[in-house]
Amino acid sequence: MANLLPSVQDILLLTPEIIILLSGLLILLITPFVEPKYQRITPSLAIAGSLLAFIASQSLGAGHRVILNGMISVSLYSAFFQNIFLIVNFLVVLLSLTYLEEEFANMGEYYAMLMFATLGMMLMAASSDLLSIFLALELMSVSLYILAGYFRRHSESNEAAIKYYLTGVLASAFMLYGISLIYGITGTTNLRAVGDFIGVSGSLARDPALGMAMLMLVMGFGFKIAAVPFHMWLPDVYEGSPTCVTAFMSVGPKAAGFAAVLRVFYVGLGSLRLEWTVIFAILSVLTMTTGNLLALTQKSVKRMLAYSSIAHAGYAILGLTVAGTALEGAGMSSLLFYMFSYLFMNVGAFAVLILLRKKALTSESLDDFNGLAQRAPFLAFLMAILLLSLTGLPPTVGFVGKFYVFGAVIQVALTGNGFYGLLAVIAVVNAAISAFYYLRLLMNIYLKDGAETLTWRYSHSLMFVIVFSALATLYFGIFPGSILSLAQQSVKILL
Amino acid sequence: MLGTSNVLGFPILSTIASIPLLGALFIMFFIKKEDEELIRRASLATSILTFFASLILVFKFLRGTPDFQFVEKLTWIKSLGVSYFVGIDGMSLLLIILATVITFIGILSSWTAITQRVKEYYIFMLLLEVGMLGVFISLDVFLFYVFWEIMLVPMYFLIGIWGGERRLYAAIKFFLYTLCGSVLMLLGILTIYYQAGAQLGHYTFNMLEWYTVSIPQNTQWWVFLAFFVGFAVKVPMFPFHTWLPDAHVQAPTAGSVILAGVLLKMGTYGFARISMPLLPWATVKFVPFMVVLAIIGIIYGSLVAMVQKDMKKLVAYSSVAHLGFVMLGLYALNAQGITGGILQMINHGISTSGLFLCVGIIYERRHTRMISEFGGLSKQMPVFAVFYAIMTMSSLGLPGLNGFIGEFLILVGAFKANWMYAAWATTGIILGAGYLLWLFQRVMFGPLDNPKNEKLPDLSVREIFVMLPLVVWAFWIGLYPKPFIEILEPSVNHLVERINPPPQNVFRVGGVNMNAGTVYSVNAGSGHWSTGHGGGHGATSGGHGAEAGSSAVEHGAETTVPHGGGSHGGSH
């Protein structure tokens, strides 16, 4: 039955992935032959690749096609996430340019790895089979392990890579075990088939082996999206990695993780939604609260952003919690929109960190930002927009993201389940807690006076990223309509 | 459903709200930060222009109707049912005028007081005005919330940059308190959004459509609490008031003036505009709770004010007491009480702003606000003494001045609701007279024995112009309050009718999908609602009602689709 060779049309649907793959390979190929004075040719290739892939992804259309023997499903859903990854890739390449040049580490491998990680994430969002999800996840993870340790002469970077690698492998093992259990029970790894199989035989949903498999998958993905209590690796890895890699890791792999989690749990394990709803509800409360409380105590801005990214994952998991119960897929589309909103504000904030950094090492403390508004009013203003968006205040996209997630929870709460009302209250209280540490940074920037302790590494590309992120944060905060309806349509294929 | 109209055929409200925004942008991009004088002039001109533009509303406003006027409606986020929908009734009209006047006064009063980071200061002042006006004109709850939150940011900076010694603490306390309240309010808003969406058949944030929906009692209970926290923090009501003294004491004079004059009214406005009409059952249910908190606020605020050593802190605590009066008036739930409550919002804006200005005038000269440092100032500053005396009298409710009218109406309303309420509240008036007169006596009378006070200059012409509008307004309301009450009357009556007759009648009807718009018009028309519907029948008629209601809504919202069914309002 299965076609051994994919048809040309199927291959054409994978154009964005193929472009990314080819540009990554091309970068690897030419790197040894590029003279140092032309070293910017590799990042240019990376940028060209991601832009081309972005354009190609827009032209795929709204159809839903399952190709490669059910391994890959190309749809609005995968396109939504792929656009996030391509934008992140584009912005991070721009971020990395001067940063790496100053560290004398501007080498082609970096960009190739970035491209491969992006390829992994794109495939992960498009995979509709547990095996292809796992393969894509490994492609992404292995590339990221290398990127995390990219500053190989810095001990922090090495520590980050080792930590990330060890926990990542552990997570993969859990996940693989879960997948093998599911295969053993259902005889297939295709998510739709798994879902149908469990759905048809009603008694199977109570099978302890299946419950075990679900827990394994929760743990495996929990590591990837850094849900508490699987978050221990994150702060050190984020702090130790090169800041441009941190910016990449804080958005891309998380969004990819969520893309896969939604598919695996909603489509594959849809019959177990009562069980996983409870699990994700607990995880989201733990993740939000722990992330926010720990971020409160941080002195280093980078570490604070790391913990805050845990908290943001918590809000996204909230969307996951109500994915199975909210009407018209509101839970899922709120998750999609949240990842989109998180993209700009977070990459922008890390870009500011790259622009202003201490000479010695990578730990800018809150006090280093004192009086920034006096010295660099425009940059301070942009940072203020990004911080307000991270806080979730209007008129920024962060507000709309939180608004939509909370709305989905309230919608479920109104069906008579007070438990969700409590969840919503915990979530908004968390949002208020998070305001404290974002505002504290804003306070250092605007309200305190201080001398210059940071080195500027101004470059046009870096400034472009910051301005672009801040503008996008504002634009999509004021006009979120198009992305909202896109998110709503994207999740329709899962319903 | 309430009607909507725009006699001008011109987006006047958006124009008014965008003048300060344009002014702020102009200053931001076209004036160098060294040109401080130019910045001051430009922002003053902007605030004057805004004020005159808002006067157009007064002249063109149609009295005698609770309908919303000068409406503009544009679709904003279609998939969520959010629209840019603005319009005003009598209550918002008065508050808009208050906001434009107070901002003008705030900007004029900062002329010599603010010498650092002048450009940012005036930009934040103007942005704050945009937020305030936005809150008062919004008829879309999403839009309302957006403006509500936006306002926090400039105020945070005003306190945090130009405040006193503990400004950072005060600024962050102000921000977090208000944010905690408003995020809970957001949950309440979302709850009603989904409830209303289910009943109306389409999801919308249109406040006027929400007014036509009956929220189930259980939900009302929770949503009331959510709104209560959001608004009570802002008012501030008794247990949530602790941010206020810090914020006031640390804020620069103009910050305190705007905070007391307008920002606190956001909370009471929220109760009157959102909480009361949307949750009539819970409003009645919570009256004892609200009234007790209001009375505690009055008495506690007055007693704490009495023992303050710092003039500004004293005035700040007097705000707690005065806002207690406003809340008491609103929750008397009768026409007198609510009229008095709303009028007292304006009065408090006038007199407390005036008092803060007086404190600021002294502070600018002596750089201290300790009462013990002063005495006998009336000899040195006779003109100041006159203005200060008028503001004191206005604040303590002397007949002939504005405070009296508001407090009188509130007490009448409270008495009608329950004589005990009025009795307790009256003690607050006595205490108020006590602390205000005692303060005046200690600062202005007695021997001028502190040598530092001997050379204090009297008010400058600019300072007189700062105080003058408030004095005029205080006398106007005090002597001839009729125009103000006339403006408020229809909106107040409409609100009272919405809450009374007791909404139990509405809920007793077995229909699940009741359309309160229909119910309301029946209530208003014949005074009672026949309770003869059975469950199934009720449900059917409910569905029909919803359809008719929504078509009426479309009619009101400038669409030209001719649709069958009842169309209230929509007088385009």
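First the proteins, then the strands, lettered A, B, ... as listed; each starts at 1. What you see below is based on every heavy atom in this structure, not just the backbone, and it leaves out hydrogens, waters and symmetry mates.
Both the backbone and the side chain of B:Gln195 have a heavy atom closer than 4.5 Å to some heavy atom of chain A. With a threshold of 4.5 angstrom between heavy atoms, B:Thr219 approaches chain A through side-chain atoms but not through N, CA, C or O. B:Leu80 touches chain A through its side chain: at least one heavy atom from C-beta onward sits under 4.5 Å away, while N, CA, C and O do not. For A:Ala408, the part lying near chain B is the backbone, with the side chain staying farther off; criterion is any non-hydrogen pair under 4.5 Å. In this structure, the portion of A:Lys448 lying under 4.5 Å from any heavy atom of chain B is its side chain and not its backbone.
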Residues B:Thr191, A:Leu414; criterion side-chain contact (heavy atoms from CB on, under 4.5 Å); working and verdict = CA-CA 7 Å; B:Thr191 309; A:Leu414 277 177; 3.5 Å; yes
Stepwise, does the ring pair (Phe, Tyr, Trp, His ring centres under 6.0 Å) test hold for A:Phe403 with B:Tyr193?
-> CA-CA 12 Å; A:Phe403 181 85; B:Tyr193 170 68; 7.2 Å; no
Hey, mind stepping through A:Leu484 and B:Lys78 against side-chain contact (heavy atoms from CB on, under 4.5 Å) and telling me if it holds?
-> CA-CA 9 Å; A:Leu484 274 178; B:Lys78 208 169 176 201; over 6 Å; no
Does the side-chain contact (heavy atoms from CB on, under 4.5 Å) test come out yes or no for A:Phe406 and B:Val183, once each step is laid out?
-> CA-CA 10 Å; A:Phe406 297 160; B:Val183 289; 6.0 Å; no
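Counting heavy-atom pairs closer than 4.5 Å to chain B, the top residue among A:Ala427, A:Ala424, A:Gly481, A:Ala431 is A:Ala424. Per-residue heavy-atom pair counts under 4.5 Å with chain A were compared for B:Phe142, B:Trp148, B:Trp222, and the maximum is reached by B:Phe142. When each of B:Val153, B:Ile161, B:Val82 is scored by its heavy-atom pairs under 4.5 Å with chain A, the top score falls to B:Ile161.
Within the 4.5 Å cutoff, the side chain of B:Phe175 has heavy atoms near those of the A:Leu393 side chain. Within the 4.5 Å cutoff, the side chain of B:Cys180 has no heavy atoms near those of the A:Val429 side chain.
Interatomic distance, A:Met443 CE to B:Ile172 CD1, rounded to the nearest 0.5 Å: 5.0 Å. Rounded to the nearest 0.5 angstrom, B:Leu152 CG and A:Thr391 OG1 are separated by 11.0 Å. Atoms CD1 and CG, on A:Ile433 and B:Leu176 in that order, are 10.0 Å from each other to the nearest 0.5 Å. Atom OG of B:Ser79 sits about 10.5 Å away from atom CG of A:Leu486, to the nearest 0.5 Å. Annotation: the span from B:Leu186 atom CG to A:Ile410 atom CD1 amounts to 8.5 Å, rounded to 0.5 Å. Rounding to the nearest 0.5 Å gives a distance of 10.0 Å between CD1 of B:Ile77 and OG of A:Ser482.
Scanning both residues, B:Ile150 and A:Pro394, for their nearest heavy atoms gives CG1-O, 3.6 Å.
Around the CZ atom of A:Phe381, the shell of radius 6.0 Å holds no more than 12 heavy atoms that belong to other residues, nucleotides or ligands.
For residues 425-446 of chain A, every residue pair satisfying the ring pair (Phe, Tyr, Trp, His ring centres under 6.0 Å) rule, not counting sequence neighbours, is listed here: A:Tyr446-B:Phe157.
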